[in-house]
*Asks:* 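Supplied in structure tokens, the structure appears directly below.
All ligand and atom numbering here is 1-based and tracks the order in the structure. These numbers were taken from a predicted model, which means no experiment stands behind them.
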Amino acid sequence: MIKISQKIDHPLEHSTECLILPCVEVKKPEGLLKEIDGKLEGAIGEAIDLKRFAGKSGQTLLLNSKGAVKASNLLLVGVGKSKEATPEKICQAAATAAKLAEQSKFKSVSADLSVFEAITKGKSGLFSELAGSVAEGTGLALYHFDNYKSKEDKDDPPSRIEKLTLLIPSKSRQASTEKAIARAEKIINAVHTARDLVSHPGNTATPTYLADHAKKMARKNKITCKVLGKKEMEKLGMGSLLGVSRGSDEPPALIVLEYNGAGKKKAPSVIVGKGVTFDTGGISLKPSAGMDEMKMDMSGAATTLATLQLVASLKIKANVVGIVAAAENMPSGSAIKPGDILKSMSGKTIEVLNTDAEGRLVLADALTYAQRYKPKEVIDLATLTGAVLHALGHHAAAVIGNNPAMIQKLKDAGDATGERVWELPLWEEHEKATKSDIADLKNIASPGVGAGTIMGAAFLKAFAGEQPWTHIDIAGTAWGFDRPYTGKGASGFGVRLLLSYLEKSR
Ligand code: BES
Ligand code: ZN
Ligand code: ZN
């Protein structure tokens, strides 16, 4: 991870390889830009006249200063209209600038924050929040997963930005900027952890690997961690989760993490994550094209583990429990077959009509286990259905639940963090379509029912309990989420969303 620090300095007096200048929309250079433009013989004014730069959100302009100022290069990045410069917009602009700076082979960059003085006038606390967003966007954007490269590519050796310095205008901003940097570092760390867990292939990130990771993470953050193995699950009657894992040689794990930030008496928010470490589909085998991506089927688990790490490291004042249902879905002589009936921990029986609808099976028992905590609320995160990609693409996760106020709060958190969620309905008709002819439930609806994402949620509702509950289908956003601070592959979607949600709903 990059090193982030701050310095009181004037942007024109500051030596750096690359000075990033966030800019609001402009028609001609004003203020600091005008001053720099003068030194650069009108280069900025010319770019504006030629419509190459106007400070619009995400626009960039890279100029070599040719010694006219102390910084060797200037990188202007648009943040849009001053009024619309929200923390998320700034986070995105910083990410865009960071990626361009890294492509340009700079090793260290500085970002001038003096423009925020004008943007945040009269809004206390916003300056440091925006400072944090610059740090966050930069750190998130510079994620790399190269654990498995045994040597550097000679033709294209990696060039990495190692250092970000935030330039602040005065001493009065120092203490709050320091705090914002520390917070951003924890967020970056947690999101990177989630992305790492998802990026590891199935032969590394097994259920046992997730459990070991959870134990280590818990030790570091002073939270409690308990891992239930096959035997304990058998005792509890978790036939649904065990059914999924039966075809695999990898033992399953139910990982339980408890963070107490609000005293013992307060009912916790419980986060439940789908941890299918590889989803072949089982006997209802998936087609081979693109099957490798099903290593990401434990993204809900990764987000759950990373969120617990984050709330504990930030010491938020809430009680949060994380439950991960980890198993591998394989076809084999011992695998469950279409038509098999499983008995879940809740006592409800499930007719498995498609072994590829395994996420809801592992979650069923984890949701029942969650009831032990008499939770204030339950949120489950799962790469549950391919159908959510048809509904919302890579742009938002689907949310379905039993409590409109809770969903509204999640939507607000999504808008604030850019990790958007969109509600789908769950009606009686959907619930009826989960009833089996010979068992209590069936894991897929009859052909023609459609509404794949909703049907997944309708099944989960039978195990979610009466307290507020929301299911988040992240099959479209955990992988290939389209934001400047994410890249190809794993996004870590949900970590920033849940932090924002949990901090606001205290
Ligand atoms: N893990 C998949 C869902 C998925 C699909 C995640 C694409 C990420 C990208 C899930 O277990 C699954 O296979 N769901 C089936 C359900 C169907 C059998 C009812 C699906 O979506 O096709
Ligand atoms: Zn599946
Ligand atoms: Zn799956």
Side-chain angles (χ1 to χ4, degrees), residues 198-199 202 205 207 210 240-241 243-248 250 252 272-303 324-331 335-340 350-364 366 380-398 400 424 430 433-434 436 441-460 471-481 488-491 493-494:
V198 175
S199 301
L210 293 185
S240 190
L241 199 167
V244 172
S245 127
R246 225 170 60 194
S248 169
E250 290 295 340
V272 178
K274 169 177 172 181
V276 173
T277 57
F278 196 82
D279 182 12
T280 63
I283 296 299
S284 314
L285 194 64
K286 285 184 182 295
S288 44
M291 202 207 268
D292 56 292
E293 279 186 13
M294 281 303 130
K295 70 176 183 179
M296 59 74 97
D297 214 15
M298 35 57 73
S299 298
T303 297
V324 163
E328 189 182 60
N329 189 21
M330 295 287 279
I336 50 167
K337 309 168 291 296
D340 284 1
I350 304 162
E351 187 185 11
V352 180
L353 290 176
N354 188 318
T355 65
D356 197 11
E358 84 299 337
R360 61 201 77 181
L361 297 176
V362 300
L363 288 172
D380 76 72
L381 290 138
T383 47
L384 206 72
T385 65
V388 77
L389 263 152
H390 294 279
L392 301 170
H394 290 292
H395 307 293
I400 297 168
L424 297 179
H430 299 120
T434 64
S436 154
L441 295 153
K442 53 186 178 186
N443 78 332
I444 58 163
S446 306
V449 169
T453 301
I454 300 174
M455 288 312 301
F459 180 91
L460 295 178
H471 159 63
I472 311 183
D473 194 331
I474 56 170
T477 47
W479 192 262
F481 184 47
K488 279 189 279 181
S491 68
F493 183 97

*Asks:* What I'd like to find out is whether the side chain of Val449 reaches to under 4.5 Å of the side chain of Met455, using heavy atoms alone.
*Replies:* yes
*Asks:* Flag the pair Thr355 / Pro338 as yes when at least one side-chain heavy-atom distance between them is below 4.5 Å, and no otherwise.
*Replies:* yes
*Asks:* For His395, enumerate each residue passing the side chain to side chain contact (heavy atoms under 4.5 Å, CB included) test, keeping only those at least two apart in sequence or located in another chain.
*Replies:* Arg420, Asp482
*Asks:* Determine the minimum heavy-atom distance between Val244 and Ala327, stating which atoms define it.
*Replies:* CG1-CB, 4.4 Å
*Asks:* Return all protein N, O or S atoms below 2.8 Å from the Zn ion (ligand 3), chain by chain in residue order.
*Replies:* Lys274 NZ, Asp279 OD2, Asp297 OD2, Glu358 OE2
*Asks:* Donor-acceptor pair, distance only, cut-off 3.5 Å: does the side chain of Ser240 make one with the backbone of Leu361?
*Replies:* yes
*Asks:* Enumerate, one pair per line, all nitrogen or oxygen atoms of ligand 1 lying under 3.5 Å from a protein nitrogen or oxygen, stating the separation to 0.1 Å; write 'none' if no such pair exists.
*Replies:*
residue: ligand 1; atom: 1 (N); partner: Lys274; partner atom: NZ; Å: 3.4
residue: ligand 1; atom: 1 (N); partner: Asp279; partner atom: OD2; Å: 3.1
residue: ligand 1; atom: 1 (N); partner: Asp297; partner atom: OD1; Å: 2.9
residue: ligand 1; atom: 1 (N); partner: Asp297; partner atom: OD2; Å: 2.9
residue: ligand 1; atom: 1 (N); partner: Thr383; partner atom: O; Å: 3.4
residue: ligand 1; atom: 11 (O); partner: Lys274; partner atom: NZ; Å: 3.2
residue: ligand 1; atom: 11 (O); partner: Asp279; partner atom: OD2; Å: 2.9
residue: ligand 1; atom: 11 (O); partner: Asp356; partner atom: O; Å: 3.0
residue: ligand 1; atom: 11 (O); partner: Glu358; partner atom: OE1; Å: 2.8
residue: ligand 1; atom: 11 (O); partner: Glu358; partner atom: OE2; Å: 3.0
residue: ligand 1; atom: 13 (O); partner: Lys286; partner atom: NZ; Å: 2.8
residue: ligand 1; atom: 13 (O); partner: Asp356; partner atom: O; Å: 3.0
residue: ligand 1; atom: 13 (O); partner: Asp356; partner atom: OD1; Å: 2.8
residue: ligand 1; atom: 13 (O); partner: Asp356; partner atom: OD2; Å: 3.1
residue: ligand 1; atom: 14 (N); partner: Leu384; partner atom: O; Å: 3.3
residue: ligand 1; atom: 21 (O); partner: Gly386; partner atom: N; Å: 2.7

*Asks:* Can you name the nearest heavy-atom pair linking Ala397 to Ile472, along with the distance?
*Replies:* CB-CG2, 3.7 Å
*Asks:* Heavy atoms only: give me the nearest His394-Phe481 pair and the separation to one decimal.
*Replies:* O-CD1, 3.1 Å
*Asks:* Looking only at non-hydrogen atoms, find the nearest pair between Leu384 and Asp473 and report the distance.
*Replies:* N-OD1, 3.2 Å
*Asks:* List the atom pairs, with distances to 0.1 Å, where a side-chain N or O of residues 293-301 and a protein N or O form a donor-acceptor pair under 3.5 Å, not counting sequence neighbours.
*Replies:*
residue: Glu293; atom: OE2; partner: Trp479; partner atom: NE1; Å: 3.4
residue: Lys295; atom: NZ; partner: Ser199; partner atom: O; Å: 2.7
residue: Asp297; atom: OD1; partner: Lys274; partner atom: NZ; Å: 3.1
residue: Asp297; atom: OD1; partner: Thr383; partner atom: OG1; Å: 2.4
residue: Asp297; atom: OD2; partner: Lys274; partner atom: NZ; Å: 3.1
residue: Ser299; atom: OG; partner: Met296; partner atom: O; Å: 2.6

